[in-house]
Structures are given as structure tokens and as C-alpha cells.
Number of protein chains: 2
Amino acid sequence: MTQVAAHKASRRTPADKHDARRKALAESALRTLGELGYARSSLREIANNSEFSHGVVHYYFSDKLELIVYCVRYYKETCVHRYDGVVAEATSPEDLAERFGDKLVETIVEEAPMHRLWYDLRSQSMFEESLREAVTQIDQSLEDMIGRIVDRYATLADTEPALPTHVAYGMFDGIFQQALLGHLNGRDGALEDLRAQVVGLMPMLLTPKA
Amino acid sequence: MTQVAAHKASRRTPADKHDARRKALAESALRTLGELGYARSSLREIANNSEFSHGVVHYYFSDKLELIVYCVRYYKETCVHRYDGVVAEATSPEDLAERFGDKLVETIVEEAPMHRLWYDLRSQSMFEESLREAVTQIDQSLEDMIGRIVDRYATLADTEPALPTHVAYGMFDGIFQQALLGHLNGRDGALEDLRAQVVGLMPMLLTPKA
DNA sequence: GAAAACTCTTGACAGTCGTCAAGATTCGCG
DNA sequence: CGCGAATCTTGACGACTGTCAAGAGTTTTC
């Protein structure tokens, strides 16, 4: 289908125009998905919030599910390195902890719809087997992200992590989710609490220096 | 509507037969909801898995949403004291930690559908405002439950909790959710990991003895 | 500039959904 | 028993869903 293209890669439109369109569609879809959630986002609604008509979805995606999964993977690519700057720029354990806390708060402020969508999809994957592979991969990449932060934190503190990455990820994910819920509920202080909790929790992740 | 009843409370059917039926309906609905999730549980499907027909729902509930919320609240009542035995029977900090870990594992084994439903509904509440009040209340009662455990743990260890209940709840909820996901994905060791993680984590919740 | 390939729109399809009204059935009480 | 209220079933409604086919519009190719 996609390899019809023109011999070599002439100018810049071999067949990755397909991919560009898929990405454009995914971005539109993500806006709608973040607003309505997985269940109530119909293809027509998704198309209405884009420059396309509802039929075009089946030209670029075989399925509604393929669109959704593509969207989630696309979202993951753009998000999984959000904390790389924290790791790169931190100069001390305390500095890293504060930058990390700030970044988590910033993430909720700026991307709450994307994250509630993520939790929505992860919950759906508990019922819908066809979502599990994608969800598992994304969860793993998020865990790796946390792992990089904790490792760097331990290195800066001249010691080692006290917990497996899996546990640290579960913990941060849990309190992040609580903060997101609080934020969406309009609970004052939810974000400041998150920041303080993270800063307070980080030292516990380290083995005491010998 | 419900106060039509017969003057005083004759035998045992004044009008709380209504309530009994609502509970019966809720139990059926919970079975279906736990299997299919919130989004794909239609009233017809719920009714099919019960002894009633699909129309009867609107005799006992004004809305689909009212049924769902009633179900969630009903589920909460039966579940919020699951760990009371742990608190009551533990004889030492280590004993409590182990009992708690065992109970968490047992919960996943026996009630995975109910818990994925809970996470589903909590995610939905991020999009659907009408679910938030019920979800917030349940989340609070779960947090209280964790609080009782941690308090008792601290008392047995003759010290005090090192973290606010809110944080402890977020952490346990996070690793529980990861374990549930792992369990549903068929990942071997997910449950044993959970048990070990809990036992390993508990001491961190305490302030070192003076 | 015509033909072919690609892209997109439109409209229809079969199915499902929540809701509700009309009527059948059951129950409780005199 | 018999009557009236409570309970439940049935069937229909309008709206919405994912999907897809037919064709219009656009771009590419020779």
C-alpha cells in the first residue's frame, strides 16, 4: 500500500506523506480524546475537531482501535523525555529533587487532559486485551524514565537506590495520580502538596551512605 | 415515592423492599461492570446477567448514572473494612506488615474485577463531573483505611508515622495498581512482588525511634 | 493534456444505546 | 375473592455508533 511511491525518494513526498497525515490526525484525535476520554470520543467527534471528515479515518487507519493505539504511542514519543532536562541539569541531589517536583507540577498544569487520557486507557486495558501490549510498553518506558531520575539522584548523592525501579515508579505514579485527581477536583493545594511530597520522598529512595 | 408504605412498619416489608431490590440489582450490575467495565456495560447486558428485564432499571433508578453511582457506593460499603482484621489481630510490626501484604495479594486474586472497575470509574470521574463526588468519598474512605493500618503499625513499633496518610495512600495505591495490571497481564511473580514490596516499604513509613 | 493513482467527502448500512410508555403480571389487604 | 397498588415485561422511539462503498476532487505521471 505505502510502497507504491516514486522509485527513489524524489523531493520529499515518497509515501511518508501518509505518516504525516496520520500524525496530524493523531494530534486532532488526542485533543478530543483528552477532552472526552476514550469511551465517549466518537470518530465523528474526533473528525469534527479536525480539518477532515469522519470517513477519512478509515483511509489512514483500519480501525478505531488502531487509531487509538497509534495516538497513545505518538503521545508517548513526545512525552517520555520530558524529564531528561531534569536529569541533565541537576547539580545536586536537592536540586534534582526540586526540579523533579517542579516538573511534575508543571506537567499536571499543562497536560492534565493527556494524563487523564493515559489513566483512562490504562484502565481500559484491564478490560480490553487489545490495548494491553501498547499500555505495557508505555508503562515500561515511563518506569525507565523514573529509573533514570532515581539513578541520577543516587549518583549525585554518592550512593545507590534503595528500591527497585518498579516500586519507585509505582509510588510516584500513585501520588501523581492523586494530585491529578485533586487538581481536576479543584482542590486547592493539590499541586503544592505534590511538590512537597516528592521532595520529601526522594531521600527515602536512597540507601544510607556507608 | 418511598414513603407510600403502610403507616408504621408492619412485618418486614414497609418499603425497604425497594432497597433490597436496589441492592440485588446493584449486585448483578457489579458483576457485569466488573467484567466489561463502565463504558461497555449496557443496561440490557446488565439486566441479562440478572433475573430482571432491561426496563426494570428505570423503575428503581432514575438514570443509568444513578445506578452506577449506587453500585460504587454499595461496593465501597462492603469493602472498606476488609483490612480491619489485619489491624485488630496483628501482634507486632512485622506481623502486621506481612498480614497486610498477604491481604493485598488476596484482594487481587479474589476481587480483581471489582478493582479494575474501581480504577475505571476513578478515571472516568476525571472526565465526568457527576462521578466526582462519589469517587472522592470512596477515595477518602480508602485513604482512611490505609491510615488506620499505618497508625496501628506505628503504635506496634512504638513510634509515629513519618508520612501524611495521603502520601502513604498514594504510594500503596500506585504499587497496588501496578500489581493488578501485572496480574491481569499474566505476569508471573506480580503478586509475590507486591507482597515483598509492601513488607519492604512499611518500615520506611515510620520515624526512626528516638 | 489525458490517464492513472491517490486522497477525501458524502451518504447510507446495520447495530446498539438510554429512555420511556403501555400494558401484563403479581402482590397485599379488605 | 376482588380490587387497587406495586412491580415487572415488552416493544418501540430517536439518537448515536463504527464501518464501508460509491464517487468527487486532487495530484502525479507519462
Side-chain angles (χ1 to χ4, degrees), chain A residues 1-26 28-29 32-33 36-71 124 128 130-131, chain B residues 1-26 28-29 32-33 36-71 124 128 130-131:
Chain A
M1 290 250 170
T2 60
Q3 70 273 34
V4 173
H7 326 305
K8 309 297 165 55
S10 65
R11 286 307 157 88
R12 65 180 52 161
T13 53
D16 56 7
K17 200 169 187 176
H18 233 88
D19 286 359
R21 272 283 193 261
R22 281 164 70 100
K23 283 179 188 170
L25 260 174
S28 288
T32 304
L33 285 165
L36 299 181
Y38 171 77
R40 309 197 300 181
S41 294
S42 70
L43 294 182
R44 283 170 177 81
E45 190 65 29
I46 288 174
N48 280 351
N49 296 358
S50 79
E51 44 180 345
F52 308 106
S53 68
H54 73 271
V56 82
V57 174
H58 287 87
Y59 186 74
Y60 291 101
F61 299 93
S62 68
D63 225 55
K64 183 189 183 180
L65 207 86
E66 196 202 322
L67 169 66
I68 304 288
V69 170
Y70 183 90
C71 285
Q124 290 310 309
E128 182 117 13
S130 34
L131 282 172
Chain B
M1 291 246 173
T2 60
Q3 71 273 31
V4 174
H7 327 302
K8 308 299 165 55
S10 64
R11 286 307 157 85
R12 67 182 52 162
T13 52
D16 55 6
K17 199 170 190 176
H18 234 88
D19 286 358
R21 272 286 192 259
R22 282 164 68 101
K23 283 179 188 171
L25 260 174
S28 289
T32 305
L33 286 165
L36 299 181
Y38 172 77
R40 310 196 302 183
S41 293
S42 70
L43 294 182
R44 284 172 175 81
E45 190 66 28
I46 288 174
N48 279 352
N49 297 357
S50 79
E51 44 180 344
F52 308 107
S53 69
H54 72 271
V56 83
V57 174
H58 287 87
Y59 186 75
Y60 290 102
F61 299 92
S62 66
D63 226 55
K64 184 187 182 182
L65 207 86
E66 196 201 323
L67 168 65
I68 304 288
V69 170
Y70 184 89
C71 285
Q124 291 309 310
E128 182 117 13
S130 35
L131 282 172

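Order of the sequence lines sets the chain letters (A, B, ...), proteins ahead of strands, with each chain counted from 1.
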* Value in whole Å for how far the C1' atom of D:dC16 lies from NZ of B:Lys64 -> 13 Å
* Structure fact -> Taken to the nearest whole Å, CZ/B:Phe61 to P/D:dT7 is 13 Å
* Most 5' of A:Arg40 and A:Gly55 on DNA chain D, judged by nearest nucleotide -> A:Arg40
* Asked: Should B:Tyr59 be listed as having a side-chain N or O under 4.0 Å from OP1 or OP2 of D:dT7?
  -> yes
* Asked: What nucleotide among C:dT19, D:dT7, C:dT9 has an atom nearest to a side-chain atom of B:Tyr60?
  -> D:dT7
* **Separation of C:dG18 C1' from B:Leu67 CG (nearest whole Å)** => 12 Å
* Return the value, rounded to whole Å, for the distance between atom CD1 of A:Ile68 and atom C1' of D:dT19. => 15 Å
* Structure fact -> Side-chain contact check for A:Phe52: nearest option of C:dT9, D:dC8, C:dG28 is C:dT9
* Asked: Does any non-hydrogen side-chain atom of B:Ser41 lie less than 4.5 Å from one of B:Leu36?
  -> yes
* To do: Please name the pair of heavy atoms, one in B:Leu33 and one in B:Tyr38, separated by the smallest distance, quoted to 0.1 Å.
  => CD2-CA, 4.1 Å
* Student check: side-chain heavy atoms of A:Thr32 and A:Asn48 closer than 4.5 Å -> no
* **B:Arg21 vs D:dC8: side-chain N/O to OP1/OP2 distance below 4.0 Å** => yes
* Round to a whole Å and report the spacing from CG of B:Leu43 to C1' of D:dT9. => 15 Å
* Asked: Do the side chain of A:Arg44 and the base of D:dT19 come within less than 3.5 angstrom through a donor-acceptor pair of N or O atoms?
  -> yes
* Asked: Between A:His18 and C:dT7, is there a side-chain N or O to OP1/OP2 distance below 4.0 Å?
  -> yes
* Kindly say if A:Ser42 contacts the phosphate of D:dC16, meaning a side-chain N or O under 4.0 Å from OP1 or OP2. => no
* Can you tell me how far P of D:dA15 sits from CD of A:Glu45, to the nearest Å? -> 17 Å
* Asked: Does B:Arg21 reach the side chain of B:Phe52, with side-chain heavy atoms less than 4.5 Å apart?
  -> yes
* Asked: Rounded to the nearest Å, what distance is computed from the CD1 atom of residue A:Ile46 to the P atom of nucleotide D:dT17?
  -> 10 Å
